[in-house]
Amino acid sequence: MSSLAKTYNPREVEDKWYAYWLEKKFFASKPNPNKEPYTIVIPPPNVTGVLHMGHMLNNTIQDILVRKARMEGKEACWVPGTDHASIATEAKVVQMLKEKGIEKKDITREEFLKYAWEWKEKYGGIILEQLKKLGASCDWDRTRFTMEDALSEQVIKVFVDLYRKGHIYRGARMINWDPQGKTALSDDEVIYKETKSKLYYVKYKVKQENLSGLQHLTGLEEEYLTIATQRPETIMGDTAVCVNPNDERYKHLKGKKIIVPLVNREVPIIFDEYVDMTFGTGALKVTPAHDINDYNLGLKHNLEVIDTLNDDGTLSEAAQVFVGTERFKARKLVAKALEEQGLIVKVEEYTTNIGYSERTDAVVEPKISTQWFVKMTDLTKPALENVMNDNIKLHPSKFKNMYRSWMENVRDWCISRQLWWGHRIPAWYLPDGTLVVAHNAEEALELAKQSTNNSELTINDLVQDEDVLDTWFSSGLWPIAVFDGLLNPDNEDIKYYYPTNDLVTAPEILFFWVARMILFGYEYRQEKPYSNVYLTGIVRDKQGRKMSKSLGNSPDPIELIEKYGADGVRTGMLFSSPAGNDLLFDEKLCEQGRNFTNKIWNAFRLVQGWQVVETDEEDTGNTTAVKWFEARMNDALIHLEEHYANYRISDALMTVYKLVWDDFCSWYLEMIKPEYQGEGKPSLIDKNTYGATISFFENLLKILHPFMPFITEELWHALKERGENECIIVAEYPQPKKQYVAFEKIISEGEIAFDIVRQIREMRNSKGMSPKEEVILYIKTHSKAIYNRFKPIIRKLANLSAISFTSQNMPKSFNFVVKGDEFFIPLKINVAEERARIEKELEYNEGFLESVNKKLGNEKFVQNAKPEIIENERKKKADAEAKIKALKKALEGLR
RNA sequence: GGGUUCAUAGCUCAGCUGGUUCAGAGCACCUGCCUUACAAGCAGGGGGUCCAAGGUUCGAAUCCUUGUGGACCCA
C-alpha cells in the first residue's frame, strides 16, 4: 500500500509550487500578437491595508479567471499594485509620528513626506506578499503604485489637461468637512447614520418698530418667535430667520427684524416656501455657513455668511462667545446659556440622519470652502451610455439601474483634499493671487511670466496649492496608467492589453471608482477600460454583520490559510458567493473546502496504488464505466462553460465539485475499483481502464486548477513524470465535445442502473442487512438490451451474486419498479409491509397520471401549448402508465 | 421622502424567454456503517402553503397590481 499520508497536507506543497511558478515565469506576460490577450488590473488595495476577507474573495475570483484564461492559451496578464490612500495613510503616519512624540504641525511638508515614504516602504508591500499565499498569479514584475513617479506624472498630466479643457474649476462651495481629518470629503465619503439627537425650541426676540404709541395701542409688550434647531451652537452664525409665506401664524412679521440671542445680532425675517410649516414651529433659523440648505437660501436672499467654526471643529472668533470650544461641548454650553436667559421653550428627543466621515467616523461639518472640482456633466455621457448598452457589462446586471441613477444625477466631483500625502495639485499662485496650472513649477513660471508680462518673476514668487488630489482621481486612471498609456499613448503594452477584459470589485465602489475609470477611459482612450465588471458581495459574518476590526468578527485570512490550506480557503469562499450577493462567511465553508482537497488527494491515493496488467479477460463493465464517465464529464464541461460565460463562478465550482465527488469518486471509481489483493500487493487493473482513468484524472485536475491551484499542480506531477515546464498552470484547458446521441444514451442508461443500485441499497438499509450480504436480482423487462452494458456494474455496486432476467413475477420477494420494469430480490419479507410500500407509490403515480391526463384532456392546452410540450406530456403519460401497470402486477404478486 | 432590489427547505442560495417527475443544490439534520482511497469518510433518509392577497392565462415560484418585511443607493 502507498506510503502517502491519509490526509492531504497543503503546507508541504503550497510554497514549493508558488516558488516554482515564479521561477519559471509562468505569471509573466508580454504582448504576443499570436495570442489573444486576457487582462485584469487588480483593484489596488490600500498600502495601509492588510489582507481581509473581502480581498480574499475578490482576488480568488480574479485568480480563477486569470488561470483559466492562461490555460485556454490566452496571453494572461494580471497587473498588481497598491493605492496610496491619502486619508488612511496620512492618518497612519500621523499616528506613528505621534507615538514618536512628533506632531504633524511641527514638521514641514517635506519632512512629513519623508516619513510617509519610509512608512510605505516598510509596510506598503505586506498585502501583496499575503496575496502570494493565496496563490494569486499576478505578474509581479508589473507591480505599480499610484504615487510612484511614472504614475504621478500621468495623474498630473491629466489634471492639467482637464483644467485646460475647462473640465476642472475652482470654486467656493459648501463641502463636507471632516474636522478630525481636517479635510474635505466628497459626498460619497459621507455615511449617513440614524442618530439620536435633540430638538431645541429657542425663543428669538422680534424687534419692535420704533413707532411711538403703536406698541401701546396694540398692547404688545414683547414678541418672540420660537424656532426649532438641532444645532444651537450655530446660532451665532444665524443671519436670518425664515418662515413660509403661506403660514398664517407669521404673516404679520413681514419686513420685521429679529434679534439673534447671545450675540444680539439684528437679522431679517425672510419668507420662502422652502420652509416646512409642519416641522418644529414652522420657523427656521438660517445659518448659511453651516448648512447646505441654509446656504442655498442665503444665496437666494442675499444673506451674509458668518462662519463660526474653525477647521478643527472649535468655535471661531466670529462666534463671539465660547470661542475655541469644541462644537459638541459648545452645543451644551449654548443650550445652558439660553436656558439661563429663559429662551429655551422645550427640548425634544429627535432622531435624524447625520453624516459621518467614512475615514475617521467624525461627524461631518458642512462648511464653505474653496475647493477644486471636476465638472461631471460632459464627461459622464459615454460612461453612462456604454454601460446601458452593455458595451460594458455589469454582473449581476441589477446594478445597471443603480449605476444609471447615479450617472444621471451626478454632481460635480470635489477632488481636492487638505492633506500632504497624495498628488499635490499642480497649481501655483502669484503674489497677486492669480493662478497658473502647469505640469511643474518651471512651466508654471514660464506661463506666469507670459501672462503677467513680468520677466522678473522667479520661482520663489510662486506658491503651490497646498492641497492634494482625491485618491480616486488617480485610481480612476489605473487601467490606463499601469500601462503608461497617458504618457506614451502608443506604446505596445497599452495597445495590446487595453481595453482589459474583466474587473472584479465590490458594488460599494461602483461609483467611487468604477464609474470614474470608465469616464477616464473614454476621455483618454476613447475606449472602455474593460468589458465586464464582476461585482462581488460584502463578506459578512454568520449573523450577517459586516466584518470589521472594531467588531473583531473577521478571521485572519493568513491563519485560515495555515489551517485549511489556500485551496481549501479559496473554495470555501466561493461555495456560497453568487455574484453581487453578500457572502455570509462561516469557517465551516473552509472546512468543506479542505475536505474537498482531501477527497481529491485520496482519489489519487487509490489510483496510484494500481498496477497495470495485460489481460484477455472479457469486459467486466470497465468499458461501460469509461464511456459513461466520458459522457458525464463532457456534460459537466458544457455546463461549466455556461457558468463561466455568465460569471457564475460559484455555480462553476459546484459543477466541478459534484463531478469530482459524486460522479468520479462515488460512482466511477467504485465501478472500476479492482479487487484487493492482500497486504502489500498492488491492485491490478487492465491497461485501457487505467489509461482512461489517468486521463480523466488529468482533465479533472485541469478544471479544478483555477479554483485549487496548489493541490492540482502537486497531483499533476505525481500522476506522471513531467518535463520541467509541463505544469498544469499552463496545461491546455479541456474543451467539451459536441454532445452526441451516444452520450445521452449512456447517461440515461446509467441513471436507470443507479436507480436500481440505490433501491437495493435502500432495501438493505431499511431491513438492517449488511452490504456484504449478497443477494440475487431478477429483472422482468421487455427490453433486456438497456441492461446489457450496465449489468456487471449493477452487480458490483449493489453487491449481487447474480442478475437474471425473468418473465414471471416472483412471489415472496422484495420488489420494486424502475421505469416500468419490475425487479425482484428473493427474500423473507413482511407481505403487509411490502404491500403498503408499493400501494403508497402506486397512489402517488396514479395522482400524477391524473394530473397529466387532465392537462391532455384540456382542449385549450392542446391548442395553445407548444408541440414539444404536448409531446412531453404524452411521454409522461406513457411512463406513468407503464409504471402503474408494473406496480399493480407487483401488488398481485404479493397476495 | 424618491429610486433600486430582494423574499423559495433549519441556513446560504439556484430556478434563463410562464410548460420536463418542478418544487431543486450545497451545507446542516436523522438512521446505519471505522466495508483496505478517504470518519476531513461511506450508504441511505426526512425537510418547503415558493412572504400575503388579488389578477392575467389552458397553465404561475416564474408575468401584473396592491400590501407586508428586509437590504442598498440617493435626498
Side-chain angles (χ1 to χ4, degrees), chain A residues 1-2 4-8 187-188 192 292-293 353 396 398-406 408-409 411 507-508 510-511 538 542 544 564 568 575-578 580-586 588-589 591-610 642-643 646 648 650-651 653-655 657-658 661 665-666 669-670 673 675-681 683 757-766 768-772 797 799 844-845 848-849 851-852 854-866 868-873 875-876 879-880 883:
Chain A
M1 197 54 231
S2 77
L4 290 172
K6 268 173 105 169
T7 50
Y8 169 64
D187 293 338
D188 315 307
Y192 289 89
I292 179 65
N293 298 309
N353 277 328
K398 67 178 179 187
F399 287 106
K400 268 169 83 170
N401 284 329
M402 233 163 80
Y403 182 87
R404 183 181 56 205
S405 72
W406 188 76
E408 281 175 349
N409 300 299
R411 291 198 282 167
E508 46 197 3
L510 188 57
F511 315 134
I538 298 165
K542 254 196 291 193
Y564 299 105
F575 274 130
S576 183
S577 68
N581 274 358
D582 288 358
L583 164 73
L584 271 68
F585 181 80
D586 185 341
K588 272 196 169 155
L589 292 168
E591 200 180 312
Q592 193 188 343
R594 191 242 354 231
N595 294 355
F596 187 36
T597 57
N598 202 45
K599 187 72 187 175
I600 300 164
W601 176 253
N602 275 292
F604 169 72
R605 284 180 69 222
L606 175 67
V607 171
Q608 64 93 45
W610 293 343
E642 281 171 14
H643 289 318
N646 293 313
R648 294 164 169 265
S650 195
D651 291 341
L653 170 62
M654 197 45 73
T655 302
Y657 182 81
K658 286 198 277 190
W661 201 307
C665 294
S666 296
L669 288 179
E670 293 299 330
K673 193 157 116 183
E675 258 176 72
Y676 181 62
Q677 297 294 313
E679 184 73 35
K681 291 180 189 162
S683 305
V757 171
R758 271 189 287 255
Q759 291 267 13
I760 297 170
R761 284 172 176 169
E762 192 190 341
M763 176 204 79
R764 280 210 171 87
N765 226 319
S766 66
M769 286 169 68
S770 160
K772 286 178 183 167
L797 296 182
N799 194 26
Y844 170 81
N845 279 283
F848 176 71
L849 178 63
S851 78
V852 174
K854 215 169 161 184
K855 230 186 241 186
L856 284 168
N858 184 332
E859 258 179 56
K860 284 187 175 168
F861 171 72
V862 182
Q863 276 165 17
N864 296 325
K866 280 181 261 176
E868 61 267 30
I869 284 157
I870 297 171
E871 190 45 46
N872 230 315
E873 291 300 316
K875 192 169 164 283
K876 274 153 74 176
D879 286 352
K883 184 142 193 180

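Note on naming: letters A, B, ... go to the chains in the order of the sequence lines (proteins, then strands), and numbering restarts at 1 for each one.
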In what stems does RNA chain B take part, counting only runs of at least 3 consecutive Watson-Crick or G-U pairs whose two distances fall under 3.5 Å? B:1-7 with B:68-74, B:10-13 with B:24-27, B:29-33 with B:41-45, B:51-55 with B:63-67
Taking the side chain as every heavy atom from C-beta outward, state whether K681(A) and Y676(A) have any atom pair closer than 4.5 Å. no
Decide yes or no for R605(A) and K6(A): does some side-chain heavy atom of the first lie under 4.5 Å from some side-chain heavy atom of the second? yes
Select base, sugar-phosphate, or nothing to describe what N845(A) touches, counting heavy atoms under 4.0 Å on all strands. base
Checking all strands, does I869(A) fall into the base, sugar-phosphate, or nothing category for heavy-atom contacts under 4.0 angstrom? base
Whole-Å P distance, U66(B) and G2(B): 13 Å
Nearest-nucleotide check on RNA chain B, R404(A) vs A603(A); residue mapping nearer the 5' end is R404(A)
Within less than 4.0 Å of OP1 or OP2 of C27(B), is there a side-chain N or O belonging to Y657(A)? yes
Write down the distance separating the P atoms in U35(B) and C42(B), rounded off to the nearest Å. 14 Å
C38(B) and C33(B), which share atom name C1', separated by this distance in whole Å: 15 Å
Of S683(A) and K866(A), the one whose closest RNA chain B nucleotide lies more 5': K866(A)
Just wondering, do Q592(A) and Y657(A) contact through their side chains at under 4.5 Å, heavy atoms? yes
Using the C1' atoms only, state how far C11(B) lies from C34(B), rounded to an integer number of Å. 30 Å
Distance-only, no hydrogens or angles: does the S666(A) side chain make a donor-acceptor pair with backbone N or O of W661(A) under 3.5 Å? yes
What is the separation between atom CD on E508(A) and atom C1' on A71(B), rounded to the nearest whole Å? 13 Å
Reckon F604(A) touches a base, only the sugar-phosphate, or nothing at all at heavy-atom distances under 4.0 Å? nothing
Starting from P on G70(B), measure out to CD1 on I538(A) and report it in whole angstrom. 18 Å
Compare side-chain N and O positions of R648(A) against OP1 and OP2 of G15(B) and report whether any pair is under 4.0 Å apart. yes
Side chain of M402(A), heavy atoms from C-beta onward: which of C27(B), C73(B), A37(B) has the nearest atom to it? C73(B)
For a quick test of reading the model, state the closest non-hydrogen atom pair linking T597(A) to G568(A) and the distance between them. CG2-N, 4.2 Å
Side-chain heavy atoms of W601(A) within contact of T7(A), under 4.5 Å: no
Considering only the P atoms, how many Å lie between C58(B) and U49(B), rounded to the nearest integer? 29 Å
With the side chain counted from C-beta on, respond yes when V607(A) and F604(A) share a heavy-atom pair under 4.5 Å apart, and no when they do not. no
Figure out the CG/C1' separation between L606(A) and A37(B), and round it to whole Å. 5 Å
Nearest-angstrom distance from the residue atom NZ of K772(A) to C1' of C34(B): 11 Å
Hey, does R761(A) have a side-chain heavy atom less than 4.5 Å from the side chain of L797(A)? yes
Identify whether any heavy atom of K673(A) sits under 4.0 Å from a base atom; if not, whether one sits that close to sugar-phosphate; answer base, sugar-phosphate or nothing. base
For the P atoms, the ones on C64(B) and on C6(B), what distance do you get once it is rounded to whole angstrom? 11 Å
Looking at E591(A) and K588(A), does any basic side-chain N land under 4.0 Å from a carboxylate oxygen? no
Determine the Euclidean distance between corresponding P atoms of A61(B) and A52(B); express it in Å to zero decimal places. 11 Å
I want to verify the glycosidic state of G41(B); is it syn or anti under the 90° rule? anti
Taking atom P of C13(B) as reference, at what distance in whole Å does atom CZ of F575(A) sit? 16 Å
Expressed in angstrom and rounded to an integer, what is the separation of D586(A) atom CG from C13(B) atom P? 13 Å
Taking everything shown except E408(A) itself, do over 12 heavy atoms lie less than 6.0 Å from its CD? yes
Which protein N or O atoms sit under 3.5 Å from an N or O of nucleotides 55-60 of chain B?
residue : atom : partner : partner atom : Å
C58(B)  : O2'  : N858(A) : ND2          : 2.7

Nearest whole angstrom, please: distance from the P of G26(B) to the CG of L589(A). 15 Å
For the pair made of NZ in K658(A) and C1' in G26(B), what is the distance, rounded to whole Å? 7 Å
Check the interface with nucleotides 39-47 of chain B: list each N/O to N/O pair with the protein under 3.5 Å, or write none.
residue : atom : partner : partner atom : Å
A39(B)  : OP1  : K6(A)   : NZ           : 3.3
A40(B)  : O4'  : N595(A) : OD1          : 3.0
A40(B)  : O2'  : N598(A) : ND2          : 3.0
A40(B)  : N3   : R594(A) : NE           : 2.9
G41(B)  : OP1  : N595(A) : ND2          : 3.2
G41(B)  : O3'  : K599(A) : NZ           : 3.3
C42(B)  : OP1  : K599(A) : NZ           : 2.6
C42(B)  : OP1  : W661(A) : NE1          : 2.8
A43(B)  : O3'  : R761(A) : NH1          : 3.3
G44(B)  : OP1  : R761(A) : NH1          : 3.4
G44(B)  : O4'  : N765(A) : ND2          : 3.4
G45(B)  : OP1  : E762(A) : OE1          : 3.4

Are F861(A) and I869(A) packed together at the side-chain level, in the sense that at least one heavy-atom pair is separated by less than 4.5 angstrom? yes
Considering residues, nucleotides and ligands other than E859(A), do more than 12 of their heavy atoms fall under 6.0 Å from its CD? no
Please measure how far the C1' atom in C22(B) lies from the corresponding atom in C50(B), and state the result in whole Å. 11 Å
Please check: side-chain N/O of N799(A) versus main-chain N/O of P771(A), any donor-acceptor pairing under 3.5 Å? yes
Measure the shortest side-chain to side-chain distance between F511(A) and M402(A) over non-hydrogen atoms and say whether it is less than 4.5 angstrom. yes
